[in-house]
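Note sheet for the following structure.
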There are 2 protein chains.
Amino acid sequence: MFDLDNYLPYLINRVGVRMSESFSARLAEFGISLGMWRVLAALNHNSDQRLSDLARLTSIEVSTLSRLVGTMQRKKLVSRARSGQDARAIRVELTREGADLTRRLVPIAQAIERTALKAISTKDAALLRRRLKGMYDNFNRP
Amino acid sequence: MFDLDNYLPYLINRVGVRMSESFSARLAEFGISLGMWRVLAALNHNSDQRLSDLARLTSIEVSTLSRLVGTMQRKKLVSRARSGQDARAIRVELTREGADLTRRLVPIAQAIERTALKAISTKDAALLRRRLKGMYDNFNRP
DNA sequence: TATTGTTATACTCTATAACTATA
DNA sequence: TATAGTTATAGAGTATAACAATA
């Protein structure tokens, strides 16, 4: 038999969708999309990344990301420049405005996480994170 | 500070995307999409559902689902009929072919889950499921 | 009046491939 | 030849609203 109620991909998908809806609604007040937040968060984590690194870190497809970064550049949130080491690559960076916006969004992102983790112990939360990382690694691409 | 490496929405999103890519590639061999699998699995779980119930169970938006079910009906995987109790509602059911296809897909779905849970104990897997359900409920809609 | 489902529109994302510019 | 990124196209998703049928 197949028990949907306990099927892990199902459980992960539905919580991901719910959380995205919730977060997107908050981000809309700032005029940005969830994809843009992902780019901001990734650049806040590692400043000055190549586009392909950014794609891996955000789980956003490269061609989608190329256009998304273009939109964010027009909004003055990020800047693009050719890499010195490899003139094929593009280095993407947060602008001052992008960094400021990110700083204002972090508390909202943390509130989403707190909502998710409500009534979950620190220990269980740590286990959850480890398991989610492990699961991700199990699906590593060829 | 904001630690992306341990940010739960990030961890959930990336494993969800990876798993979806992996599963979608397998489903393509059968000529169906991940969304269609979700509909099949939901109907396998509860036969004879209203479209709005199906939308909740699959996390697929109603207007998207309406068209998706139309496509699946043309593929002879599901049938649609007006409800007896409430003539506004549509009852969606698996056809014989839809049920047969679902039966063949279940082992593939289970293989995806096994890959995800590789090297995770039964006990930890059970905890993981409980926590993911709890997180989903924390985001319940108004 | 409210609810269920369908359809239309505009926008976004994915997949794919063609293209450029470098390596 | 291969890689990094851009752009075009088609297909599928979301968001929203208008609509028909029924409650």
Review point. Below 4.0 angstrom from OP1 or OP2 of D:dT6, is there any side-chain N or O of A:R67?
Key: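 A:R67 to D:dT6 OP1/OP2: no side-chain N or O under 4.0 Å.
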Check your understanding: For B:S63 and D:dT16, is the shortest distance between a side-chain N/O and OP1 or OP2 below 4.0 Å?
Key ->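 B:S63 to D:dT16 OP1/OP2: no side-chain N or O under 4.0 Å.
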Point to revise | Quiz item: cation-pi between B:R14 and A:Y136, 6.0 Å / 45° | key: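 Cation-pi check for B:R14 and A:Y136: passes.
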When you get a sec, tell me which of [options] is the closest nucleotide to the side chain of [X]?
X     : options               : result
B:A89 : C:dT22, C:dT14, C:dT4 : C:dT4
A:D86 : C:dT16, C:dA23, D:dG5 : C:dA23
B:V62 : C:dA21, C:dT4, C:dT6  : C:dT6

Starting at atom [atom1] of [X], determine the distance to atom [atom2] of [N], rounded to an integer number of angstrom.
X     : N      : atom1 : atom2 : value
A:I32 : C:dC11 : CD1   : C1'   : 17 Å
A:L34 : D:dA15 : CG    : C1'   : 15 Å
A:I90 : D:dG5  : CD1   : C1'   : 6 Å
B:R18 : C:dT14 : CZ    : P     : 14 Å
B:L68 : C:dG5  : CG    : C1'   : 15 Å
B:R80 : C:dG5  : CZ    : P     : 11 Å
A:I60 : D:dG5  : CD1   : P     : 15 Å
A:Q49 : D:dA4  : CD    : C1'   : 15 Å

Practice item. Please determine if A:E113 and A:R129 form a salt bridge, counting it only when a charged side-chain N lies under 4.0 Å from a carboxylate O. Key: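 Judged by the 4.0 Å cut-off on N to carboxylate O distance, A:E113 and A:R129 do form a salt bridge.
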Review point. Any salt bridge between A:R96 and A:D100, counting N to O under 4.0 Å?
Key: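 Salt bridge present between A:R96 and A:D100.
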Exercise for review: Assign each of A:A87 and A:L65 to its nearest nucleotide of DNA chain C by heavy atoms, then name whichever residue's nucleotide is nearer the 5' end.
Suggested key: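 Its nearest nucleotide being more 5', the pick is A:L65.
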Review point. Relative to the 5' end of DNA chain C, which residue comes earlier, B:T64 or A:G35, by the nucleotide with the nearest heavy atom?
Key: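 It is B:T64 whose nearest nucleotide is closer to the 5' end.
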Review point. Counting only heavy atoms not in B:Q85, do more than 12 fall under 6.0 Å of its CD?
Key: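 Counting other residues, nucleotides and ligands, CD of B:Q85 stays at 12 neighbours or fewer.
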Review point. Distance only, no hydrogens: is a donor on one side chain within 3.5 Å (strictly under) of an acceptor on the other, for A:R103 and A:N44?
Key: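 Result is no, nothing qualifies.
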